[in-house]
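Have a look at the structure below before the remarks.
Protein chains get the first letters and strands the later ones, always in sequence-line order, with residue 1 at the start of each. Worth knowing before you read on, the calculation uses all heavy atoms, side chains too, and leaves out hydrogens, waters and symmetry mates.
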There are 2 protein chains.
Amino acid sequence: MNTDATVFIVDDDQAMRTSLQWLIEATGLAVQTYESADAFLASYYPGRAGCLLLDVRMPGMSGLELQSHLKRQGYRLPVILITGHGDVAMAVKAMKAGALDFIEKPFHDEDLLRSIHYALAFDQKHRAHDLARTEIAGRIADLTPREHEVMALVTEGQSNKEIAATLGVSAKTVEAHRARVMEKMRAESLAELVRMALLVASETALS
Amino acid sequence: MNTDATVFIVDDDQAMRTSLQWLIEATGLAVQTYESADAFLASYYPGRAGCLLLDVRMPGMSGLELQSHLKRQGYRLPVILITGHGDVAMAVKAMKAGALDFIEKPFHDEDLLRSIHYALAFDQKHRAHDLARTEIAGRIADLTPREHEVMALVTEGQSNKEIAATLGVSAKTVEAHRARVMEKMRAESLAELVRMALLVASETALS
DNA sequence: GCGGAATTTGGAACAAACACCCATGCGTGC
DNA sequence: GCACGCATGGGTGTTTGTTCCAAATTCCGC
């Protein structure tokens, strides 16, 4: 398990916060509590690993609002919603918005803990992937327009000769661009370059 | 919209089936109704485009059971669950299992129709992808064990020489296998082969 | 055992890619 | 103007991959 994974708890009810904190810390996990969505947002920065335990009904920004706000910001922190007075429509809406779980109070401690562990595993699994994707995207951003163009055609399967014809330049020029692409992308092989291209493209593909 | 997309309705209540059928056919969509999960399974074959409207509570196999059964079979038909007496836990369970929506009776016609249209779009979007994936998986299944092994190393980025060392055979042998892999997979380029490998691997990766 | 598929290996010629070297022209910014 | 990055392209040689060819071995099923 990720050693600096933290369970972030946002709930306006002091007693609930304390009780959740005790329960979760007893399993050896780090916990940070906040009494409002704004307090959490003021403290959280992307890159913090963990998961988010969120009360649905709170003064100010509600749990669902915070959830969609984080999603818009591109934060990937897994969200578990907790509610005292939930209904089916609310639960479905939250799950559609990407919540990992939607738990009604009162709940069984084991159910919540199981959900938290799943969320942490989910976060860890996606975090490495996202990091790699960001890294690769950064390298692509460093390519010149022409190099970017050549990389696209190379990863599409065209040979240097075909690319030269497509771009209306000599094969020699394509070779030069291609070599620079391999170097800048730190790709050891064409296969690796194709993998990189697909990795960053996979994000764009998810509507 | 897909012209042969069909809305499959499974509900043990005759009146409900008829009412849903009228509602949906009025929008110009094809509908087929079944009075039980078994009746649906006896008639449905994968490849049929559309979506599935499923009553949760039915004699015999329940809607949730049919949903997980289809999932196990690898069928990707989008599922919309409908229930008269649902609770939050049931809705969350269904959504976790991949249902696109979970609707309580009584519902607004527009809500159901919106959900159906989303499901049909979802189905169409994923169907082409899944078809391609199945096609590629079929070709891979036709590879001999050795060819499969060589393909794995090739798409990993190893050169023929490296593969030869890995497998303990001559580079010449690897060339022969590689050529047969390209032919059997109908890949025009290494990039295409890598794409194929990643396409089928992406499914296995989704735990 | 015999036929066939799978695996193995080699030769020769060719195409493609890579790795160096080099040079020129064109903007942008200091 | 001059330096720098960018795009362009030529030469030369090596490495790698492809495409023909042919052939030996093993193992499985009929």
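Rounding to whole angstrom units, CD1 of residue Ile163(A) and C1' of dA16(C) are separated by 12 Å. With rounding to whole Å, Glu147(B) atom CD is found 6 Å from dT7(C) atom P. Protein atom CD of Glu175(B) is 11 Å distant from nucleotide atom P of dG10(C), rounded to whole Å. Rounded to whole angstrom, the span from the CD atom of Glu183(A) across to the P atom of dA17(C) amounts to 19 Å. Put simply, CD on Glu149(B) is 15 Å from P on dA6(C), counting in whole angstrom units. Distance CG (Leu190(B)) to P (dT16(D)): 15 Å, rounded to an integer number of Å. Nucleotide dA15(C) holds its C1' atom 14 Å from the CZ atom of Arg178(B), rounded to whole Å. Remark: C1' of dA5(C) and CG of Asp142(B) are 13 Å apart, rounded to the nearest angstrom.
Remark: His177(B) is not in phosphate contact with dA6(C), judged by side-chain N or O atoms under 4.0 Å from OP1 or OP2. Look at Arg180(A) and you won't find any side-chain N or O under 4.0 angstrom from OP1 or OP2 of dG5(D). Taking only side-chain nitrogens and oxygens, Asn160(B) never comes nearer than 4.0 Å to OP1 or OP2 of dT16(D). Neither OP1 nor OP2 of dA16(C) sits under 4.0 Å from any side-chain N or O of Ser159(A). The shortest distance between the side-chain N/O atoms of Lys161(B) and the OP1/OP2 oxygens of dT15(D) is not below 4.0 Å. Contact annotation: Thr144(A) side-chain N/O to dC6(D) OP1/OP2 distance is not under 4.0 Å. Contact annotation: Thr173(B) side-chain N/O to dT8(C) OP1/OP2 distance is not under 4.0 Å.
Side chains of Ser62(B) and Arg57(B): no donor on one and acceptor on the other come within 3.5 Å.
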**Asked** Under the ring pair (Phe, Tyr, Trp, His ring centres under 6.0 Å) criterion, do Tyr44(A) and Tyr34(A) qualify, and how do the steps go?
**Response** CA-CA 10 Å; Tyr44(A) 182 76; Tyr34(A) 306 86; 8.8 Å; no

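Comparing Pro145(A) and Gln158(B) along DNA chain D, the residue whose closest nucleotide (by nearest heavy atom) sits nearer the 5' end is Pro145(A).
Taking the six-membered ring where the residue is Trp, Tyr118(B) and Phe122(B) present tilted rings, their angle falling between 30° and 60°.
For Lys172(A) against dT12(D), a side-chain N or O and a base N or O form a donor-acceptor pair under 3.5 Å.
Residue-level contact check: Ala176(B) touches the bases, meaning some heavy atom is under 4.0 Å from a base atom.
Here the CG atom belonging to Leu53(B) is positioned 11.5 Å from the CZ atom belonging to Phe8(B), to the nearest 0.5 angstrom.
Of all heavy-atom pairs between Ala99(A) and Leu81(A), the closest is CB-CD1, 4.1 Å.
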